[in-house]
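Take a look at the structure set out below.
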Amino acid sequence: ASLALLTCLPLRTISTTDGSGAVMRRRSFATIIVGPSPLLREGLARVLGAAAFRIAASAPSLDDLMLDATLLQQSILLIMDATDCPGAAVEQIVRFKKQHPTARIAVVAGDYELGDMVAAFRSGANAYFIRVTTCDALIKSLDLVMLGETILPAEVLPFVQLHENK
C-alpha cells in the first residue's frame with residue numbers, strides 16, 4: 001500500500017465577522033481527501049485547489065495516510081468519498097473522529113440513501129453531499145462546514161417538513 005505523508009502546507013483560512021463586518025476569528029484548515037476513486041480524488045483536489053484550499057493529502061483510505069505531528073495540531077477538514085461503499089466510509093469516519101475529535105468531516109455520496117446519510121451523521125460527519133453538487137456550491141458549503149455549520153442534502157427537506165407537521 002502506498003503511504004501519503006502529510007506535511008505542513010499553506011492552509012485555507014476562513015474568517016468570520018460580526019454584524020459590523022469586523023473580523024472576529026481566523027481558522028486554517030488542512031484538507032484531506034479520502035476515497036477509493038483516484039479520479040474523484042484528483043478532481044476534488046483540482047477544484048478545491050483552485051479555490052485556495054490546500055490539499056494536505058489524498059489517499060484511497062485512512063490506512064494509507066501517515067499524519068505529520070505538525071499537521072495534527074491544525075484544524076482538519078476530511079472529505080470522505082462514500083460513493084461505492086458507504087459502510088466502509090462510516091467505519092473510517094468513526095476511527096478518524098476518535099483520533100481527531102475536532103475535525104470537520106464532509107461526505108460525498110453518489111446518490112441519496114436516507115439510511116446511509118443518517119449513519120454518516122451518527123458517525124461524526126458534518127456534511128453530506130450528493131456528487132452532482134456544482135463546484136461553487138460545494139466550495140461555499142465546505143466553507144460553511146469549516147465555520148461549524150452542518151450541511152444536509154436538499155432531499156432531506158420533505159422528511160423534515162413531514163415530521164414538522166405531526
Side-chain angles (χ1 to χ4, degrees), residues 1-6 9 11-12 14 29-67 71-72 74-162:
S2 64
L3 297 177
L5 178 62
L6 302 181
L9 300 172
L11 307 172
R12 173 117 169 141
I14 297 297
F29 283 77
T31 303
I32 302 168
I33 302 171
V34 174
S37 170
L39 185 60
L40 179 64
R41 289 194 320 268
E42 179 66 22
L44 278 172
R46 287 180 187 224
V47 167
L48 296 176
F53 283 74
R54 298 297 174 240
I55 308 304
S58 175
S61 75
L62 290 176
D63 296 331
D64 296 320
L65 297 174
M66 288 181 21
L67 300 175
L71 184 71
L72 295 176
Q74 302 290 327
S75 296
I76 297 172
L77 171 63
L78 172 66
I79 301 174
M80 175 68 65
D81 175 13
T83 303
D84 295 330
C85 190
V90 165
E91 290 174 11
Q92 290 185 70
I93 292 168
V94 169
R95 284 188 329 194
F96 193 80
K97 204 66 169 173
K98 283 181 183 176
Q99 295 174 345
H100 311 284
T102 61
R104 305 297 294 169
I105 300 174
V107 175
V108 177
D111 56 9
Y112 174 72
E113 292 291 335
L114 182 61
D116 293 340
M117 186 197 66
V118 169
F121 279 108
R122 285 184 178 159
S123 70
N126 305 102
Y128 194 88
F129 300 106
I130 306 303
R131 191 184 285 179
V132 296
T133 304
T134 66
C135 295
D136 289 340
L138 177 65
I139 290 163
K140 295 298 182 191
S141 295
L142 289 173
D143 283 343
L144 289 171
V145 170
M146 293 186 299
L147 289 170
E149 298 298 325
T150 299
I151 306 294
L152 301 168
E155 291 84 355
V156 173
L157 189 55
F159 293 105
V160 173
Q161 290 171 336
L162 178 66

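Remember, it's a predicted structure, so these values are computed and weren't measured experimentally. Atoms considered below: every heavy atom in the structure, side chains included; atoms not considered: hydrogens, waters and symmetry mates.
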When rounded to the nearest 0.5 Å, the distance separating CG of L78 from NZ of K97 is 9.5 Å
Could you tell me if the side chain of E155 sits less than 4.5 Å from the side chain of D111, heavy atoms only? no
Minimum heavy-atom separation for F96 to I76, with atom names? CZ-CG2, 3.8 Å
Taking the side chain as every heavy atom from C-beta outward, state whether Y128 and V156 have any pair of such atoms under 4.5 Å apart. no
When every non-hydrogen atom of L65 is compared with those of A57, the smallest separation belongs to CD2-CB, 3.8 Å
Got L44 and L138 here, is their nearest side-chain heavy-atom distance under 4.5 Å? yes
How close do V90 and S123 get, counting heavy atoms only, and between which atoms? CG1-CB, 3.7 Å
Measure from the side-chain N and O atoms of N126 to the backbone N and O of I105, and report whether any donor-acceptor pair falls under 3.5 Å. yes
Please lay out, stage by stage, how V107 and D116 fare under the test side chain to side chain contact (heavy atoms under 4.5 Å, CB included). CA-CA 10 Å; V107 175; D116 293 340; over 6 Å; no
Distance, nearest 0.5 Å, that separates CE of M117 from CZ of R122: 10.0 Å
Distance check, rounded to the nearest 0.5 Å: K140 atom NZ versus C135 atom SG? 13.0 Å
Nearest atoms (heavy-atom pairs only) where I139 meets A51: CD1-CB, 3.4 Å
Taking the side chain as everything from C-beta on, heavy atoms only, tell me whether P60 gets closer than 4.5 Å to R41. yes
Can you give me the closest heavy-atom contact between V34 and S61, atom names plus distance? CG1-CA, 3.5 Å
Kindly give the heavy-atom pair with the smallest separation between I33 and A45, and that separation in Å. CD1-N, 3.7 Å
Return yes if a side-chain donor-acceptor contact under 3.5 Å exists between T83 and D81, otherwise no. yes
P86 side chain near E113 side chain, heavy-atom distance below 4.5 Å: no
Sub-4.5 Å side-chain heavy-atom contact between L142 and F129: yes
About how many Å separate NE2 of H100 and CD of Q74, when rounded to the nearest 0.5 Å? 12.5 Å
I'd like to know if E42 pairs up with R46 as an ion pair, taking the criterion as any Lys NZ or Arg NE/NH1/NH2 lying under 4.0 Å from an Asp or Glu carboxylate oxygen. yes
Nearest 0.5 Å, what's the CG-CZ distance between D143 and F29? 9.5 Å
Whether the side chain of R104 engages the backbone of A127 through a donor-acceptor N/O pair (distance < 3.5 Å, no angle test) should be reported. no
